Amino acid sequence: MRTTTGLCSSPAPTRRRATAAAGSLALDSPSRLTPHPELPVLYAVNETAEGAITAVAVSEDGTLSALNSLPTGGADPCHPAITPDGRYLLCANYSGGSLAAFALDPDGVPTVRTALAQHRGSGPNTERQESAHVHMAVVDESGTLVSAVDLGTDEMRSYRLGEEGELIPVSVSALPAGTGPRQLLRRPGTNHAYVVGELAASLMTVREEPPGTFTVENSVPATFEPGGENLPAQLTLHEDRLFLSNRGPERLTEFTFDAALPQAVADHRTGAWPRHFSFVGEHCYVAAQNADAIQAYERANWRLIGSYPIGSPAFVGPWPH
């Protein structure tokens, strides 16, 4: 299992051209990657003012080749998601404030944008919530329900994905003003999910009932020892625990569950600005963006066992094929 890294600078006027994965292919600001569920194809969002998605073929020896690129219909796309059947790709446009859908052909190549749902609104944080900012697209296990997490409007909007790739509005779930939701993570086998409040530095428990409609049940600080400026980023369920990266305190916070409610039990130190991380076997790999490095830690004792220089990493993940 190889480790794949997507690289770019965070949303800002200055951007860097960077490699999309472990290899030599160069793409513009590929800030997040996701693999096709069955095919050796990787998808990158090109987080630029124009906004695009790029499909990349991955050969057995790790050689990369671009297959196709299409505009997303909005600026600074930041999160791709694929339906379990591999027929459609969803993309969150951060600055564009929209959710896009694309059809994929049998070879996994994006052929056409089938829908673009534009969000409207704002929030109380005048610097970060002046307009809609869709930060994440989440597809349910059936592949027919898509939820868009909107940091700018403090909302989660759900859509039914039609047979032709259309996005049909289902519901709008409001969160507390100033939350700045960044990510949504469902807990398998339950009707509970967890929402990262980037601006409120919080982790919220929500109940999803009916599907696509979310009600807040609980909110806790994003770190074990809260205090100071903190912008939480990546939320991951690993085994029976939640892990949340926190930029500012430079740590990964570990949560256990009391019933459905997460309880912070430990903070694990990382390099500067841990934008993303992934568990691979007994190790955790952290994309420390401002440290210009991918860091490897032993999961058992959180001992740093390796640091790999790489410019402004925004994503690190295992290649499953």
Side-chain angles (χ1 to χ4, degrees), residues 1 3-6 10 31-34 78-79 81 135-136 138 149 179-190 192-206 218-228 230-291 293-308 313-318 320:
M1 181 178 291
T3 300
T4 304
T5 58
S10 53
S31 65
R32 193 167 179 119
L33 312 174
T34 193
C78 61
H79 190 275
H135 211 301
M136 189 178 197
V138 183
V149 181
T179 294
R182 179 184 177 93
Q183 291 196 351
L184 166 70
L185 176 66
R186 291 183 171 93
R187 189 177 183 190
T190 75
H192 281 96
Y194 305 95
V195 178
V196 176
E198 178 175 338
L199 303 185
S202 62
L203 177 62
M204 293 182 296
T205 301
V206 296
N218 185 54
S219 180
V220 297
T223 62
F224 181 60
E225 296 181 351
N230 177 28
L231 294 172
Q234 174 67 23
L235 180 66
T236 296
L237 179 63
H238 178 64
E239 296 175 345
D240 60 347
R241 301 196 171 199
L242 284 171
F243 292 83
L244 176 61
S245 66
N246 288 285
R247 298 165 298 173
E250 323 300 21
R251 65 188 67 169
L252 261 62
T253 300
E254 183 174 352
F255 296 83
T256 58
F257 291 103
D258 181 3
L261 304 179
Q263 303 289 327
V265 294
D267 284 332
H268 304 294
R269 295 291 178 181
T270 70
W273 218 248
R275 182 163 169 178
H276 190 268
F277 64 93
S278 287
F279 291 97
V280 182
E282 298 302 316
H283 302 111
C284 181
Y285 294 85
V286 178
Q289 187 171 17
N290 289 358
I294 299 293
Q295 299 172 329
Y297 296 86
E298 285 187 351
R299 168 71 181 87
N301 55 21
W302 213 256
R303 182 174 66 92
L304 179 66
I305 58 173
S307 184
Y308 311 100
F315 178 92
V316 57

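Since this is a predicted model, take the numbers as computed values, not measurements.
In this structure, the side-chain contact (heavy atoms from CB on, under 4.5 Å) partners of A233, at least two apart in sequence or on a different chain, are R182, S245, R247. Residues passing the side-chain contact (heavy atoms from CB on, under 4.5 Å) test with A291, sequence neighbours excluded: A272, A288.
Summarising the geometry of Q295 relative to T270, their closest heavy-atom pair is OE1-C, 3.8 Å, with the distance given to 0.1 Å. For the residue pair G317 and F315, the shortest heavy atom distance occurs at N-CE2, 3.7 Å. Residue I294 comes nearest to P313 through the heavy atom pair CD1-CB, 3.6 Å, listed as atom of the first residue, atom of the second, then distance. Closest of all the heavy-atom pairs between A287 and A314 is CB-C, 4.2 Å.
Distance check: E198 CD to Q183 CD gives 9.5 Å after rounding to the nearest 0.5 Å. Note that the CG atom of L304 and the SG atom of C284 stand 11.0 Å from one another [nearest 0.5 Å]. A distance of 6.0 Å separates CG in L242 from OH in Y194, rounded to the nearest 0.5 Å. Note that OG of S219 is 7.5 Å distant from CG of L203, once rounded to the nearest 0.5 Å. In this structure, CD on E225 lies 6.0 Å from CG on D267, to the nearest 0.5 angstrom. The NE2 atom of H135 sits 13.5 Å away from the CG atom of L184 when rounded to the nearest 0.5 Å.
Under a 3.5 Å cut-off, the side chain of S278 and the backbone N or O of V316 do form a donor-acceptor pair. When atom types are taken as modelled, the side chain of R269 and the backbone of P249 share a donor-acceptor pair closer than 3.5 angstrom.
Annotation: side chain of W302 is in contact with side chain of L252 (closest heavy-atom distance under 4.5 Å). At least one side-chain heavy atom of L237 sits under 4.5 Å from a side-chain heavy atom of P188. Side-chain contact between P274 and E250 is present, with heavy atoms from C-beta onward closer than 4.5 Å. A 4.5 Å side-chain heavy-atom check between R275 and S31 finds at least one atom pair inside the cut-off.
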Hey, mind stepping through F279 and F243 against ring-ring contact (aromatic ring centres under 6.0 Å, His included) and telling me if it holds?
CA-CA 10 Å; F279 291 97; F243 292 83; 4.8 Å; yes

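Exactly one of N246, N230, T223 qualifies for a side-chain hydrogen bond (donor to acceptor under 3.5 Å, both in side chains) with T253. That residue is N246.
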Please tabulate, for side-chain N and O atoms in residues 254-263, each donor-acceptor pair with protein atoms closer than 3.5 Å (sequence neighbours left out).
| from | atom 1 | to | atom 2 | distance (Å) |
| --- | --- | --- | --- | --- |
| E254 | OE1 | H268 | NE2 | 2.7 |
| E254 | OE2 | R241 | NH1 | 2.7 |
| E254 | OE2 | R299 | NH2 | 3.3 |

